[in-house]
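Have a look at the structure below, then the notes.
Everything numeric here is computed off the predicted structure, so don't read it as measured data. A note on names: the letters A, B, ... follow the listed sequences, proteins ahead of strands, and every chain is numbered from 1. What you see below is based on every heavy atom in this structure, not just the backbone, and it leaves out hydrogens, waters and symmetry mates.
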Amino acid sequence: MTPITENELLDRAQSIAGLTFGELAAELRLSVPPDLKRDKGWVGMLIETALGAAAGSKAEQDFAHLGIELKTIPINAQGKPLETTFVSLAPLIQNSGIIWEHSHVRHKLSKVLWIPIEGERHIPLHERRIGAPILWQPSAEQERRLKQDWEELMDYIVLGQIDRINARLGEVLQLRPKGANSKALTKGIGKNGQIIDTLPLGFYLRKEFTGEILQQFLAQR
DNA sequence: ATTTGATCATAG
DNA sequence: CTATGATCAAAT
């Protein structure tokens with residue numbers, strides 16, 4: 001049952017707020033793993049299922065007809081993010097001519113339904129609770145910062161400087177490995193413009209940025 | 001204690 | 001491998 005309207009999606013998200021993972025999983029007849037060590041995406045799938053997102057879909061956004069991307073975000077008791085947020089893989093080849101306006105990062109972040117979830121490891125997984133949903137669109141200033149980082153990071157990639165990339169670059173957006181392990185390889189552009197084997201990289205939002213989003217909405221409540 | 005780099009499961 | 005969903009854990 002996929003939500004037809006934005007309000008329907010929001011209502012459904014509101015209705016699961018306050019539930020524990022155990023309670024929601026029971027309703028959906030899903031089993032709760034002991035922890036997330038081997039099920040890192042379990043909470044995301046749980047929430048997707050509960051809200052009617054197409055499971056395992058390859059679509060650009062979870063609710064493409066609504067133009068909305070769904071993201072869970074683990075928070076501590078103070079409401080601050082415990083992890084960075086993966087956005088999308090970075091295009092390491094055939095990327096000349098790609099501009100911010102047409103980027104996957106911008107598209108995915110154009111409208112996000114954030115579901116804060118309790119993420120502290122001392123709370124048993126089945127007892128962790130789901131928070132109130134936040135429907136967010138980047139402000140002009142937030143998008144400006146995202147664009148600035150994206151352009152800086154893409155320059156490294158396009159100009160054959162992948163070897164100089166690390167997670168310290170970027171104010172709000174960073175590039176980090178995104179693969180099965182450190183042996184997973186993909187094609188990239190080398191120092192002399194040649195094709196090389198290199199680690200796949202993904203764009204991630206820094207915790208400070210997502211923390212700002214959460215605060216922005218807490219302040220208005 | 002925090003951040004960077006590494007890693008896990010699944011579908012196609 | 002790419003893309004979905006992310007968190008783990010070694011290094012700092």
So what does [X] touch, heavy atoms closer than 4.0 Å: a base, only the sugar-phosphate, or nothing?
X	result
T72(A)	sugar-phosphate
L82(A)	nothing
P200(A)	nothing

Full working for salt bridge (Lys or Arg N to Asp or Glu O under 4.0 Å) between E143(A) and R106(A): CA-CA 8 Å; E143(A) 176 162 346; R106(A) 179 170 182 260; 2.8 Å; yes
Closest nucleotide among dT2(C), dG5(C), dA6(B) to the E48(A) side chain: dG5(C)
Closest to the N166(A) side chain, choosing from dG5(C), dC1(C), dG5(B): dG5(B)
Contact check, side chains of I16(A) and L24(A), non-hydrogen atoms, under 4.5 Å: yes
Results of side chain to side chain contact (heavy atoms under 4.5 Å, CB included) for E120(A) - residues two or more places apart only: N76(A), A77(A), L82(A), H122(A), I123(A)
B/S/- contact track for nucleotides 7-12 of chain B, protein heavy atom under 4.0 Å: BBS---
Near-strand residues of residues 86-98 of chain A, defined as heavy-atom separation under 4.0 angstrom from DNA chain C: F86(A), L89(A)
Electrostatic pair E212(A):R145(A) at N-O distance under 4.0 angstrom: yes
Within 45° cone and under 6.0 Å: R128(A) NZ/CZ vs F21(A) ring: no
